[in-house]
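Structure record follows, encoded as structure tokens.
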There are 2 protein chains.
Amino acid sequence: MQRNTRQRSAILETLSRQDDFRSAQQIHEQMKADGETVGLATVYRNLQVLSRSGRLDVLVAGDGESLYRQCEDTGHHHHLVCRECGRTVEFLAPKLESSMDAIAHEHGFTDVDHTLEVFGLCSDHGTREAEAAEEEGEDQAR
Amino acid sequence: MQRNTRQRSAILETLSRQDDFRSAQQIHEQMKADGETVGLATVYRNLQVLSRSGRLDVLVAGDGESLYRQCEDTGHHHHLVCRECGRTVEFLAPKLESSMDAIAHEHGFTDVDHTLEVFGLCSDHGTREAEAAEEEGEDQAR
DNA sequence: ATATGTGCAAATGCTTTGCAACGCC
DNA sequence: GGCGTTGCAAAGCATTTGCACATAT
């Protein structure tokens with residue numbers, strides 16, 4: 001089954017020192033910077049395996065890129081993510097869960113599942129000034 | 001500013017005859033099948049422009065592919081999508097909107113936005129039998 | 001031993017872009 | 001006639017995969 005390779009441990013170790021969601025490539029670069037020698041494909045493969053086994057939390061960004069981080073809460077929960085820095089807060093919304101189910105059932109849907117992600121600017125990036133200072137163009141996709 | 005080209009009208013016209021969300025490529029193929037001659041890049045460019053101006057509804061599938069369809073309701077709303085056939089129902093969840101904002105602000109986030117999509121099996125595909133009949137593996141990624 | 005995991009580079013699949021030709025306004 | 005638009009093919013990106021080699025167990 002699952003083996004304990006230097007690379008896999010290194011990936012888990014790197015993730016354990018990260019708070020926010022990072023992309024596979026960011027994680028790979030981080031590791032390279034830390035002196036680890038791991039192939040990018042290996043990072044991808046492991047992130048896939050680890051998230052499949054529930055050890056990682058996956059978040060699909062607006063552009064389809066997958067972001068990973070170590071699970072804090074293995075149950076069903078949602079994320080509040082800072083668009084600027086990736087800072088993430090997990091939260092539960094029990095009322096939401098039940099009303100989603102209710103709406104779905106009203107329309108004859110069963111076996112219901114949903115995805116909810118909230119994006120915003122955290123307290124460190126919430127001023128319009130800060131934003132304007134860094135970006136000249138403001139009309140990018142997203 | 002914005003011009004009225006044969007291609008642009010054709011795209012809108014094609015969309016107006018579609019009920020469900022389709023990818024840029026599907027739309028392009030549909031048009032080709034209908035005898036329209038439009039470049040794929042043009043389809044992409046127009047879908048982008050049209051959705052940016054709020055005339056189209058965009059949904060990002062789990063794998064990052066963008067799906068489009070003509071707006072029914074131009075305001076903020078969510079989708080209940082059948083995993084099997086793509087049948088889509090739009091719905092509003094005002095309570096949700098406010099509680100999302102509340103949660104976000106509690107954590108110091110501003111300029112908040114969110115994505116919520118609900119997936120399930122519509123009345124035509126809701127029986128477990130039907131499912132079991134078609135899929136042997138059940139462990140795909142979500 | 002041997003099934004798993006790894007590295008690399010090539011392949012994929014969706015989407016974007018450079019650039020010359022085109023055609024609305 | 002000028003500038004938004006189009007087409008095509010090439011480029012981009014994130015991710016996946018084929019395959020030979022390495023390595024946990």
Side-chain angles (χ1 to χ4, degrees), chain A residues 1-15 20-53 55-69 81 86 117 137 139-142, chain B residues 1-15 21-32 34-53 55-69 86 137 139-142:
Chain A
M1 358 241 83
Q2 205 130 319
R3 283 177 195 174
N4 247 8
T5 62
R6 165 180 62 78
Q7 293 89 334
R8 184 160 316 186
S9 320
I11 290 172
L12 281 169
E13 206 270 326
T14 300
L15 283 164
D20 309 321
F21 280 89
R22 317 298 307 252
S23 69
Q25 318 225 30
Q26 287 177 315
I27 292 167
H28 180 239
E29 273 172 46
Q30 168 78 94
M31 297 184 70
K32 249 194 329 200
D34 291 352
E36 305 279 358
T37 57
V38 189
L40 177 55
T42 300
V43 173
Y44 272 106
R45 278 190 281 237
N46 277 299
L47 290 175
Q48 221 172 258
V49 169
L50 293 169
S51 65
R52 194 123 59 193
S53 68
R55 298 216 264 164
L56 294 185
D57 213 1
V58 193
L59 171 55
V60 177
D63 60 341
E65 197 179 15
S66 292
L67 306 178
Y68 303 82
R69 83 162 181 175
V81 186
E117 305 300 346
D139 146 307
Q140 37 249 45
R142 177 167 314 235
Chain B
M1 342 235 81
Q2 206 133 317
R3 279 175 200 176
N4 247 5
T5 62
R6 166 179 62 78
Q7 292 88 334
R8 179 118 70 209
S9 321
I11 290 172
L12 281 169
E13 205 270 328
T14 301
L15 283 164
F21 281 90
R22 318 297 306 253
S23 69
Q25 318 224 27
Q26 288 178 315
I27 293 166
H28 180 239
E29 275 173 42
Q30 169 78 94
M31 297 183 72
K32 252 196 327 202
D34 290 353
E36 304 280 358
T37 57
V38 188
L40 177 56
T42 301
V43 173
Y44 272 106
R45 280 190 281 236
N46 277 299
L47 290 174
Q48 221 172 255
V49 170
L50 292 169
S51 66
R52 193 121 62 190
S53 67
R55 298 216 264 164
L56 293 185
D57 214 0
V58 194
L59 171 55
V60 177
D63 60 342
E65 196 179 15
S66 293
L67 307 177
Y68 305 82
R69 83 162 181 176
D139 146 303
Q140 37 252 41
R142 183 158 307 241

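Letters go in sequence order (proteins before strands), and every chain restarts at 1.
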Output the rounded distance in Å from [atom1] ([X]) to [atom2] ([N]).
X	N	atom1	atom2	value
E65(B)	dT15(D)	CD	P	15 Å
R8(B)	dC24(C)	CZ	C1'	11 Å
N4(A)	dT25(D)	CG	C1'	11 Å
Q7(B)	dG7(D)	CD	P	4 Å
K32(A)	dC8(C)	NZ	P	10 Å
E36(B)	dT5(D)	CD	P	18 Å

To the nearest 0.5 angstrom, please state how far the [atom1] atom of [X] sits from the [atom2] atom of [Y].
X	Y	atom1	atom2	value
E65(A)	L59(A)	CD	CG	10.5 Å
D57(B)	L50(B)	CG	CG	12.5 Å
R22(A)	I27(A)	CZ	CD1	7.5 Å
Q7(A)	E36(A)	CD	CD	9.0 Å

Which residues in residues 22-30 of chain B have a heavy atom closer than 4.0 Å to any atom of DNA chain C? Q25(B)
Backbone N/O of [Y] and side chain of [X]: donor-acceptor pair under 3.5 Å:
X	Y	value
H28(B)	V38(B)	yes
R55(A)	L47(A)	no
E29(A)	Q26(A)	no

Given [N], is OP1 or OP2 found less than 4.0 Å from the side-chain N or O atoms of [X]?
X	N	result
Y44(B)	dT15(C)	yes
N46(B)	dT6(D)	yes
T5(B)	dT6(D)	yes
T42(A)	dG7(C)	yes
Q48(B)	dT16(C)	yes

Might you list the N or O atoms of the protein lying below 3.5 Å from N or O atoms in nucleotides 19-23 of chain D, with each pair's distance?
residue, atom, partner, partner atom, Å
dT23(D), O2, R3(A), NH1, 3.4

T37(B) vs R6(B) side-chain heavy atoms within contact, under 4.5 Å: yes
I want to verify a distance call: between dG7(D), dT15(C), dT17(C), whose nearest atom is closest to the L40(B) side chain? dT15(C)
Once you apply a heavy-atom cut-off of 4.0 Å, does S9(A) come out as touching a base, just sugar-phosphate, or nothing? nothing
Nearest-nucleotide 5' precedence on DNA chain C, R6(A) against Q2(B): R6(A)
Distance-minimising heavy-atom pair for A24(B) and L40(B): O-CD1, 4.5 Å
